[in-house]
Amino acid sequence: MRRVVNIADLRDAAKKRLPRVVFDYIDGGADAEWTLRENSRVFDDVMLRPRSAVATPSVDLRTTVLGSTIDLPFLFAPVGSSRLFFPRGEEVAARVAGEAGTIYTLSTLSGCAVRDVKAATRAPVWYQLYLIGGRDVATGAIERAKNCGCSALVVTVDTPVAGMRERDVRNGTKELVSGAPFAKLPYVFQFLARPRWFAAYLRDGGLMRFPNIVLKDGPMSYADVGAALEQSMVSWDDFKWIREAWQGPIVVKGVHTADDARRAIDHGAAAIVVSNHGGRQLDGVAPTLRVLPEVIAATKGRAEVLLDGGIRRGSDVVKALCVGARAVLIGRAYAYGLGAAGGEGVARTIDILRSGIVRTMKLLGCSSVRDLDRSFVHIPAEWL
Ligand SMILES: Cc1cc2nc3c(=O)[nH]c(=O)nc-3n(C[C@H](O)[C@H](O)[C@H](O)COP(=O)(O)O)c2cc1C
């Protein structure tokens with residue numbers, strides 16, 4: 001970890017430790033991966049406007065999200081199957097997020113049970129919901145998340161079907177999780193090429209089930225995931241029973257447009273995540289930072305607006321806050337850390353981003369993230 005300077009270095013380290021099929025699952029996007037690339041590139045379109053010679057002896061990174069104070073202006077996004085990246089991956093990532101004073105969001109498609117993840121951290125945990133298995137199965141998951149003290153329900157609305165991740169097809173993901181032994185054969189050598197990862201994976205129990213998706217015959221197995229996602233679409237009508245079952249704050253994740261922002265609020269969203277799933281779903285949608293002004297204008301302060309997608313530097317976080325996000329979520333930035341070196345890698349992700357935010361703020365002449373606004377950036381005129 002000593003030679004890791006930025007998130008790209010952590011990505012390289014993850015690539016060295018993980019088998020190709022796992023690394024590409026984290027790193028890849030849908031189709032031509034245009035949206036994936038644009039999510040990061042678009043930060044170049046926003047230029048910073050510093051105030052020089054302003055004393056900033058200390059910088060306050062604290063902010064509040066849905067009433068919780070967090071020590072960093074970024075949260076952990078739901079990242080499915082993190083347990084494949086490192087033993088008990090979701091618990092490890094949640095613990096390190098909590099030590100840094102920020103929120104961890106647990107994916108429905110996680111390898112660790114929600115109560116164990118909640119117990120691993122002293123900071124709040126949000127639970128991300130897919131309707132896999134139908135309404136009764138989802139209601140069970142909502143109950144468990146509620147009973148163990150998760151503080152918000154994140155409903156992801158951009159996954160009526162899994163995106164076309166071409167790398168997963170080439171790497172034989174489907175064959176590896178559900179194929180007959182003969183079909184798996186061409187792909188298993190990727191595991192043998194990463195013996196350190198493979199040994200850790202076997203020690204952690206090998207191919208997992210999803211403990212938060214409890215079907216009639218027990219937790220859902222890996223093999224069922226593709227088919228299950230196709231039958232798990234959420235529609236606005238579902239929000240009525242979801243609100244009744246949850247009875248707490250709801251975050252709608254996967255909003256791209258003013259219309260959907262208004263619709264999400266009308267259906268009870270206390271917060272919105274402007275997100276295109278990290279470019280993993282509909283390729284060709286605009287990068288998230290580009291649509292943030294439109295969504296903020298539409299919400300008119302009726303819901304908190306968060307953003308994810310493409311965050312790789314502290315300055316990216318600062319720019320998103322200047323444009324108007326209340327906070328951001330990071331996905332791959334911590335997934336690379338987890339894949340590279342477990343908790344130590346996740347801690348390095350946080351250090352890199354935290355120190356980047358502090359340095360950018362000092363150079364900007366701003367001493368609190370709550371004071372960041374559009375006066376600190378130049379935004380292309382056509383965005384507004
Ligand atoms: C490996 C991986 C798995 C993901 N799994 C989920 C998931 O289960 N549920 C969900 O709502 N979003 C999921 N996402 C999307 C993230 O929550 C987030 O929107 C995205 O990673 C943000 O972009 P970034 O990776 O560029 O930070 C996943 C992303 C990655 C990289």
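When a ligand or atom number is given, it counts from 1 through the structure's own listing order. All values below come from the heavy atoms of this structure, side chains included, with hydrogens, waters and symmetry mates left out.
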Applying salt bridge (charged side-chain N to carboxylate O under 4.0 Å, His left out), run through R95 and E91 and close with a yes or a no. CA-CA 6 Å; R95 172 178 55 75; E91 286 169 41; over 6 Å; no
For F85 and A335 the tightest heavy-atom approach is CE1-CB, 4.0 Å
Spell out, yes or no, whether L363 and V54 are grouped together once hydrophobic residues are joined by side-chain heavy atoms under 4.5 Å, including indirect joins. no
Tell me, which protein residue and heavy-atom name are nearest atom 11 (O) of ligand 1, and how many Å apart are they? T156 OG1, 2.7 Å
Among the heavy atoms of A335, does any lie under 4.0 Å from an atom of ligand 1? no
Can A333 be said to touch ligand 1, with heavy atoms closer than 4.0 Å? no
Atom pair OH/CG of Y25 and N171 - distance to nearest 0.5 Å: 13.5 Å
Can you tell me which portion of V79 lies within the under-4.0 Å heavy-atom range of ligand 1? Options are side chain, backbone, both, or neither. both
Can you tell me which residue and heavy atom of the protein come closest to atom 18 (C) of ligand 1, and the distance to 0.1 Å? D308 OD2, 3.3 Å
Derivation of the ring-ring contact (aromatic ring centres under 6.0 Å, His included) call for Y222 and F210: CA-CA 7 Å; Y222 244 68; F210 294 110; 4.6 Å; yes
Tell me the contacting part of Y25 for ligand 1: side chain, backbone, both, or neither, using a 4.0 Å heavy-atom threshold, strictly below. both
Check: G310 N/O within less than 3.5 Å of ligand 1 N/O: yes
Would R51 count as a cation-pi partner of F376, with NZ or CZ less than 6.0 Å from the six-membered ring centre and within 45° of the ring normal? yes
Polar atom proximity, I26 to ligand 1 (N or O, under 3.5 Å): no
Indicate yes or no: does an N/O atom of I311 lie under 3.5 Å from an N/O atom of ligand 1? no
Heavy-atom distance to atom 5 (N) of ligand 1: which of G80, G279, G309 wins? G80
In terms of residue, atom name and distance, what is the protein heavy atom nearest to atom 28 (C) of ligand 1? P78 O, 3.6 Å
Could you go through T156 and Q128, starting from their C-alpha distance and side-chain angles, then the distance that decides it, and tell me whether this counts as side-chain hydrogen bond (donor to acceptor under 3.5 Å, both in side chains)? CA-CA 7 Å; T156 301; Q128 179 264 326; 3.0 Å; yes
Provide, to 0.1 Å, the distance between atom 15 (C) of ligand 1 and the closest protein heavy atom, together with that atom's residue and name. H277 CD2, 3.5 Å
R263 and D266: CA distance, side-chain angles, deciding distance, salt bridge (charged side-chain N to carboxylate O under 4.0 Å, His left out) verdict: CA-CA 5 Å; R263 214 163 278 140; D266 292 345; over 6 Å; no
Pairs involving residues 199-217, ordered by first then second residue, that meet side chain to side chain donor-acceptor pair (under 3.5 Å) (sequence neighbours left out): R83-D204, S110-N212
Select one of side chain, backbone, both or neither to describe which atoms of Q128 lie under 4.0 Å from any atom of ligand 1, heavy atoms only. side chain
Nearest-contact summary for atom 8 (O) of ligand 1 - protein heavy atom, Å: S107 OG, 2.7 Å
Among all protein non-hydrogen atoms, which one is nearest to atom 21 (O) of ligand 1, and what is the separation to 0.1 Å? G331 CA, 3.6 Å
R312, portion touching ligand 1 at heavy-atom distance under 4.0 Å: side chain
Among protein heavy atoms, which lies nearest atom 7 (C) of ligand 1, and at what distance? Y130 OH, 3.5 Å
Of all the atoms in ligand 1, which lie at a distance below 4.0 Å from a heavy atom belonging to S275? 19 (O)
Other cluster members, L329 - Ile/Leu/Val/Met/Phe/Trp/Tyr, side-chain contacts below 4.5 Å: V65, L66, I70, L75, I103, W126, V154, V251, V273, L306
Nearest 0.5 Å please: distance from the CZ atom of R41 over to the CZ atom of R290. 11.0 Å
What is the distance from atom NZ of K15 to atom CG of D27, rounded to the nearest 0.5 Å? 7.0 Å
If you compare K253, R332, R280 by their heavy atoms, the one closest to atom 12 (N) of ligand 1 turns out to be K253
